[in-house]
Amino acid sequence: MIPMIQNSWKKTAGQRWLMPVLVVAGLGTSFAVPEYALFNKYIQLVMMYVGINIILTVSLNLVNGYMGEFSLAHAGFMSIGAYTAALLTMRVLPVMDHPWLFPLAVMAGGLAAGFFSLLVSVTSFRIRGDYLAIITLAFLMIVKSVIENIDYLGGPRGLPGIRKLTTLPWTYFWVVFSVWVIRNFVYSKYGRGVLAIREDEIASELMTVNTQRVKILTFAVSAFFAGVAGALFAHVLQFISPRVFDIIKTTDILIMVYLGGIASIGGSILGAVLFTVLLELLRPSNTAAILAFLPDVIFNPVNQHFIQHLGVWRMVIMPLLLVLLMLFRPHGIMGLKEFSWFIPRLDLEAGHPAAPEDNIHEPA
Amino acid sequence: MSLLEARGVSHYFGGLCAVDDFNLTLEPGELMGIIGPNGAGKTTIFNLLTGVYRAGKGSIRFGGAELIGKTPHQITAMQISRTFQNIRLFKDLSVLDNVRIAHYSQIAYRPLEAVFHVGRYRREERRIINRSMELLAMLKIDHLATETADNLPYGLQRRLEIARALAVGPELLLLDEPAAGMNPNEIDQLMELIGWIRRQFDLTILLIEHQMKLVMGICERLLVLDFGATLAEGSPHEIQNNPKVLEAYLGEEPVG
Ligand SMILES: Nc1ncnc2c1ncn2[C@@H]1O[C@H](COP(=O)(O)OP(=O)(O)OP(=O)(O)O)[C@@H](O)[C@H]1O
Ligand SMILES: [Mg+2]
């Protein structure tokens with residue numbers, strides 16, 4: 001599937017121990033940072049946003065990258081997860097006394113989103129391409145207006161007073177879990193089915209792939225993790241409203257997917273990190289701090305006309321970035337390529353003559 | 001019992017009758033050919049047999065079970081497999097993955113085993129990788145396993161299509177113009193290959209072909225189609241001397 005990287009498997013096979021080491025080191029860091037205040041609160045917040053965005057990007061890539069659809073529904077699934085989890089922690093689960101119940105709420109948010117993904121996947125049986133994009137857009141708008149019209153959910157004013165339960169270690173846990181699960185899914189018969197559907201849906205059916213089942217599963221896994229990300233997001237922000245999960249949110253996730261590259265988990269992680277950091281740098285106070293070295297003659301007009309209006313400029317810059325990406329680099333930073341670390345050994349070595357140091361290939 | 005029995009199958013595209021009252025009986029182990037001028041409805045018959053189109057009329061029985069109304073993946077999982085007139089490989093995927101995908105229905109693990117890579121996952125993946133490599137080796141393209149399918153030369157892409165079709169584990173193999181675009185030398189090799197896989201995998205084969213050398217060389221029985229209607233059916237010798245067939249082919253490639 002990823003020829004360029006696969007051809008170099010021999011060189012990288014020896015470094016595979018690095019991955020578990022990095023994962024454990026990351027876990028340690030995620031505990032240490034808040035414990036010893038290694039970074040200030042703002043940077044810790046950005047780190048959590050990075051994590052949440054990684055989950056969103058990797059999960060959307062499943063549908064928009066690996067399967068080659070163009071779904072706009074991701075923010076909708078995110079909001080379903082956010083509202084479900086927030087209601088549970090505010091009104092149902094005694095999280096005050098039992099903080100360990102929080103992951104259950106997150107899980108429930110994911111399951112709720114996964115359930116509603118059926119609405120999208122069943123329509124995608126017969127409809128593809130532009131039409132599916134329109135249907136997922138409709139889904140996004142319906143979710144938004146339904147929430148706006150339910151008083152119990154706070155209507156258009158939103159739901160304030162959510163507890164701050166998302167911590168850096170929890171974010172880290174969910175990032176690792178979602179990347180691992182999605183990677184496993186990709187490197188399974190279902191994942192190969194997803195790729196086959198992108199290539200040629202009829203030919204997939206004729207090669208025994210149950211395309212309807214594959215689509216249901218793919219949308220469900222993708223939506224589940226959008227829901228998880230929404231649940232985490234709600235418990236960082238501590239306030240959610242329908243406006244938080246609108247088309248702009250979906251656009252952000254799309255940019256991260258296409259920036260990092262389609263059909264690439266490593267790419268999605270890169271895309272999410274780069275985009276989130278870029279977005280933070282574009283905040284007026286941050287941009288002003290970065291450009292403070294400029295002489296006043298230049299800085300003052302730039303500040304007055306541009307930096308102070310970045311909130312509005314952002315709405316121009318980000319969609320423009322998406323258009324430029326699609327035009328000039330449709331495959332993103334590492335589209336269709338993968339770090340060999342993310343590829344299971346079995347897949348990495350498949351098709352190569354058995355390496356002397358392993359016994360993967362059984363005698364024929 | 002015959003392996004395949006099509007009775008009174010008809011299919012229309014709008015007002016166009018692409019296949020008209022088609023009848024066919026295939027016995028296990030037979031190698032039969034369908035010939036006919038361009039647009040005669042040959043590929044449409046393959047599409048009806050494999051469920052790509054749903055026949056409006058008639059019945060198609062395979063090993064006793066009715067195929068009409070089943071989806072393509074259900075039909076192919078019942079061990080009917082095919083290649084395509086215009087090569088339809090998964091171009092951006094590796095040669096090996098093309099063959100692995102065709103094992104989909106034969107892989108026993110379920111979604112939860114897939115997302116956690118537990119249970120039968122590893123054993124099944126290993127089994128399928130090994131089987132796929134064996135198939136590629138039989139068709140002498142195993143050294144290209146990690147190559148992207150699109151990078152293969154045309155003749156090898158045709159070979160890969162056959163490997164992929166065999167991966168389904170077919171009893172009945174449908175080949176749609178397997179010799180299209182091949183030179184006489186390649187056609188000889190292909191004839192040998194078809195004979196070999198037929199014996200090796202115990203196949204019943206139905207093939208569409210314009211290349212008379214191949215058709216007359218390996219088919220035991222022929223069916224001639226013209227404007228959707230069956231013109232004649234019989235041994236290659238009978239077909240070659242059938243006046244109706246000669247007439248239909250007038251201006252086309254001469255038979256024989
Ligand atoms: N999807 C379709 N929609 C409408 N008409 C079609 C469709 N597929 C085939 N046809 C028409 O049905 C008739 C039979 O087509 P078919 O492809 O079966 O012919 P064929 O015998 O395979 O020809 P060839 O030797 O050129 O491959 C032709 O007139 C063709 O134009
Ligand atoms: Mg044809």
Side-chain angles (χ1 to χ4, degrees), chain A residues 1-7 9 68 177-178 180-214 216-218 220-221 224 263 336 344-354 360-364, chain B residues 47 50-52 71-77 81-82 84 88-107 109 111 113-118 121-122 124-130 132-134 136-137 142-149 151 164-165 167-169:
Chain A
M1 169 181 118
I2 297 118
M4 196 193 89
I5 310 276
Q6 281 202 342
N7 288 339
W9 71 277
F177 182 71
S178 52
W180 181 66
V181 164
I182 290 171
R183 171 270 209 181
N184 286 351
F185 184 78
V186 165
Y187 293 98
S188 76
K189 69 166 180 172
Y190 303 110
R192 288 193 297 273
V194 169
L195 293 172
I197 289 174
R198 183 187 67 206
E199 297 276 320
D200 186 334
E201 191 164 340
I202 302 272
S204 316
E205 273 278 324
L206 290 167
M207 292 303 136
T208 73
V209 177
N210 184 342
T211 56
Q212 298 197 349
R213 189 179 164 83
V214 169
I216 288 181
L217 282 172
T218 308
V221 171
F224 175 87
L336 301 168
R345 247 193 121 104
L346 215 55
D347 277 80
L348 204 57
E349 295 172 359
H352 295 280
I360 289 276
H361 296 262
E362 288 148 3
Chain B
N47 284 332
T50 51
V52 177
T71 62
H73 78 262
Q74 287 169 331
I75 293 174
T76 44
S81 162
R82 68 180 281 185
F84 301 90
R88 286 179 88 158
L89 290 169
F90 306 118
K91 286 185 193 171
D92 297 331
L93 307 187
S94 74
V95 166
L96 177 61
D97 279 352
N98 267 273
V99 179
R100 279 170 91 188
I101 285 166
H103 285 97
Y104 181 95
S105 70
Q106 301 164 61
I107 298 181
Y109 60 72
E113 291 167 280
V115 290
F116 296 120
H117 280 191
V118 295
Y121 170 82
R122 212 163 299 270
E124 284 290 272
E125 286 294 308
R126 239 172 244 179
R127 179 174 72 87
I128 296 308
I129 289 172
N130 289 341
S132 304
M133 287 305 288
E134 276 169 30
L136 291 176
D142 52 330
H143 59 291
L144 298 167
T146 57
E147 192 62 61
T148 306
N151 291 346
R164 190 178 66 165
V168 170

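Per chain, numbering begins at 1; letters A, B, ... match sequence-line order. Just so we're clear, the structure is a prediction, and the values are computed from it rather than from any experiment.
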| query | Of the listed residues (B:Tyr121, B:Phe84, B:Phe90), which shares the most heavy-atom pairs with chain A below a 4.5 Å separation? | reply | B:Phe90
| For B:Val115, is it the side chain, the backbone, both, or neither that has a heavy atom closer than 4.5 Å to a heavy atom of chain A? | both
| query | So what's closer than 4.5 Å to chain A heavy atoms on B:Leu96: side chain, backbone, both or neither? | reply | side chain
| note | What one should report as the nearest heavy-atom pair of A:Ala196 and B:Leu93 is N-CD1, 4.5 Å
| message | Among B:Arg88, B:Lys91, B:Arg164, which residue has the highest count of heavy-atom pairs closer than 4.5 Å to chain A? | response | B:Arg88
| field | Whether A:Glu199 side chain and B:Asp92 backbone form a donor-acceptor pair below 3.5 Å | value | yes
| request: Measure the spacing between CZ of B:Arg100 and CG of A:Leu195 and express it to the nearest 0.5 Å. | output: 11.0 Å
| Taking side chain as C-beta onward, heavy atoms only, is B:His117 less than 4.5 Å from A:Arg183? | yes
| Shortest non-hydrogen separation from A:Leu206 to B:Pro72 and the atoms involved | CD2-CB, 3.8 Å
| Which bit of B:Ser81 is near chain A, if near means a heavy-atom gap under 4.5 Å: side chain, backbone, both or neither? | neither
| query | Under the 3.5 angstrom rule, does the side chain of B:His73 hit a backbone N or O of A:Gln212 as a donor-acceptor pair? | reply | no
| field | Salt-bridge criterion met for A:Lys189 and B:Glu113 (N-O under 4.0 Å) | value | no
| task | Between chain B and each of A:Val209, A:Val181, A:Ile202, A:Leu217, count heavy-atom pairs under 4.5 Å; write down the option with the most. | result | A:Val209
| message | Working to the nearest 0.5 angstrom, can you tell me the gap between A:Arg192 CZ and B:His103 NE2? | response | 10.0 Å
| Which bit of B:Phe116 comes within less than 4.5 Å of chain A, counting heavy atoms only: side chain, backbone, both or neither? | both
| request: Could you label the plane-to-plane angle of the B:Tyr109 and A:Tyr190 rings as parallel, tilted or perpendicular, counting under 30° as parallel and over 60° as perpendicular? | output: perpendicular
| message | How close do B:Tyr104 and A:Arg213 get, counting heavy atoms only, and between which atoms? | response | OH-CD, 4.1 Å
| query | Just by modelled atom types, is the A:Thr208 backbone N or O under 3.5 Å from a matching donor or acceptor in the B:Ser105 side chain? | reply | no
| Stepwise, does the side chain to side chain contact (heavy atoms under 4.5 Å, CB included) test hold for A:Leu346 with B:Arg126? | CA-CA 7 Å; A:Leu346 215 55; B:Arg126 239 172 244 179; 3.6 Å; yes
